[in-house]
Amino acid sequence: REQAESSLQLSGTITIGKDGSVLAHTLDPKAPLGQPLTEFVNKAVAGWRFTPIRVDGELVNAKVPMHLRLVAKYSEDDKVSVTIASSYFGGGDGVPESDNPTRIKLAPPNYPKAALYVGGKGTVYLIVQIDRTGKVANVEAEQVNLRVVGTTNEMARMRDQFSAAAVRAARGWTFAIPTTGDAADDESWLVRVPVEFALRGPGEKSPTKEGAWDTYIPGPRNMGMPWAQEKLKTAGSPDALPEAAGVYPLRQGATLLTPLG
């Protein structure tokens, strides 16, 4: 319970100048921030610096989608501290879909029976390496966040069950490889794919949906993948991804240089 975080996913846009500074940004007006948190986020984002973006070798002002995760924790004096814990920046204006891998067949995993019997819920963030045939060359779980509380051993077993089921399903996935853009001639591509395990009734919304506070217990992050290790160092945390049903290139549309926190 002490590890639990209350978090909020935000979406918006950010315009990056030719020198890597932030020229402008927007936030989803429907997000339940209130004035103090809005001012906090606006001030933080305005001070960020990015690697300047080039198009056809030329520096440009670029507008890209922005996704942030705010995390709130109680401190010892019963106050709440809020940080911007993770970020994800999509492709900029006019970036064709064919510049990145896209899904063809992503069959869902079976729900692990042991986790199902105890009402286990969580999200597995997979790192998938796609070869030039569109098949999965390598796959591992980067992080598993839980939405149920148990002992340390119980939660470790549940994370193992969810990650094993997700990896097993992912080995049979197929993708369309990039045919345009700088990455079209690469030997392989790395993407993140969130896999959600949830027990929901008809019409009940996903717990990972943007625009609502969500409580979960973050799992340890796995960085020990030799085939992805170098790119993971600059990829940021996975849990700001906009939804648990997409395919997200490890190489983001913009590279943030300013540390989050």
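None of these values were measured; they are calculated from a predicted model.
Residues that satisfy the side chain to side chain donor-acceptor pair (under 3.5 Å) test with T51, not counting sequence neighbours, are absent from this structure. Partners of S7 under the side chain to side chain donor-acceptor pair (under 3.5 Å) rule, at least two apart in sequence or in another chain, are R69. Under the side-chain contact (heavy atoms from CB on, under 4.5 Å) criterion, S87 pairs with L68, F89, L256, L260, not counting sequence neighbours. Under the side-chain contact (heavy atoms from CB on, under 4.5 Å) criterion, D160 pairs with no residue, sequence neighbours left out. Legend: residues meeting side-chain contact (heavy atoms from CB on, under 4.5 Å) with T179, ordered by chain and number and at least two apart, are S98. Taking the side-chain contact (heavy atoms from CB on, under 4.5 Å) definition, one finds that T26 meets it with T13, sequence neighbours left out. Looking at residues two or more places apart in sequence or on another chain, you find a side chain to side chain donor-acceptor pair (under 3.5 Å) between S86 and D239.
Contact annotation: the side chain of V41 approaches that of L70 to within less than 4.5 Å [non-hydrogen atoms, C-beta and beyond]. Side-chain atoms of I53 and L59, non-hydrogen and from C-beta on, never get closer than 4.5 Å to each other. Between Y248 and P238, the closest side-chain pair of non-hydrogen atoms is not below 4.5 Å. Between F162 and P112 the shortest side-chain heavy-atom distance falls below 4.5 Å. Side-chain contact between I84 and F40: present, with at least one pair of heavy atoms (C-beta onward) separated by less than 4.5 Å. Looking at T123 and R147, their side chains come closer than 4.5 Å, going by heavy atoms from C-beta outward. Residues W189 and Q129 fail the side-chain proximity criterion, which asks for heavy atoms closer than 4.5 Å. The closest side-chain heavy-atom distance from V128 to F175 is below 4.5 Å.
Note: L241 CG to H67 NE2 = 8.5 Å, rounded to the nearest 0.5 Å. Taken to the nearest 0.5 Å, the CG atom of L126 stands 12.0 Å off from the CD atom of Q143. Note: M155 CE to M158 CE = 9.0 Å, rounded to the nearest 0.5 Å. Taking OG from S11 and CE from M66, the interatomic distance works out to 8.5 Å, rounded to the nearest 0.5 Å. With rounding to the nearest 0.5 Å, the separation of CG in N110 from CZ in F197 is 9.0 Å. If you take CG on N145 and CD1 on I217, they are separated by 9.5 Å, rounding to the nearest 0.5 Å.
Within a 6.0 Å sphere centred on CD of Q229, heavy atoms belonging to other residues, nucleotides or ligands number more than 12.
Closest approach of V22 and A46 over heavy atoms only: CB-O, 4.1 Å. In terms of heavy-atom proximity, S163 sits nearest to V124 at N-CG2, 4.0 Å. Shortest non-hydrogen contact noted between V195 and P109 is CG1-CG, 3.7 Å. In terms of heavy atoms, V64 sits closest to G90 at CB-O, 3.6 Å. Considering every non-hydrogen atom in both S21 and R49, the closest pair reads CB-NH1, 3.3 Å. Across V191 and P101, no two heavy atoms sit closer than the pair CG1-CG, 3.9 Å.
The side-chain contact (heavy atoms from CB on, under 4.5 Å) with L33 is formed by just one residue from the set D28, L10, V82; it is L10.
By the 4.5 Å side-chain criterion applied to Ile, Leu, Val, Met, Phe, Trp and Tyr, W227 is assigned to a cluster that also includes I127, L190, M223, M225, L232, L250. Through direct or indirect side-chain contacts shorter than 4.5 Å among Ile, Leu, Val, Met, Phe, Trp and Tyr, L257 is connected to no other residue.
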Give the C-alpha distance, both sets of side-chain angles, the deciding distance and a yes or no for side chain to side chain contact (heavy atoms under 4.5 Å, CB included) between I14 and F50. CA-CA 11 Å; I14 190 165; F50 290 81; 3.7 Å; yes
Starting from the C-alpha separation in whole Å, work towards a yes-or-no answer on side chain to side chain contact (heavy atoms under 4.5 Å, CB included) for V247 and T102. CA-CA 7 Å; V247 174; T102 54; over 6 Å; no
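Between the side chain of E142 and the backbone N or O of R221 there is no donor-acceptor pair closer than 3.5 Å. Under the 3.5 Å distance criterion, the side-chain polar atoms of D99 are matched with a main-chain donor or acceptor of G181.
The cluster map of Ile, Leu, Val, Met, Phe, Trp and Tyr, joined by side-chain heavy atoms under 4.5 Å apart, puts V118 and L199 in the same cluster.
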Pair up each side-chain donor or acceptor in residues 164-174 with any protein partner under 3.5 Å, not counting sequence neighbours, and list the distances.
from: W173; atom 1: NE1; to: A107; atom 2: O; distance (Å): 2.8
from: W173; atom 1: NE1; to: A169; atom 2: O; distance (Å): 3.4
from: T174; atom 1: OG1; to: K105; atom 2: N; distance (Å): 3.4

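Screening residues 37-48 for side chain to side chain donor-acceptor pair (under 3.5 Å) gives H25-N42, Q35-E39 as the qualifying pairs, with residues at least two apart or on separate chains. Screening residues 109-137 for salt bridge (charged side-chain N to carboxylate O under 4.0 Å, His left out), with sequence neighbours left out, gives no hits.
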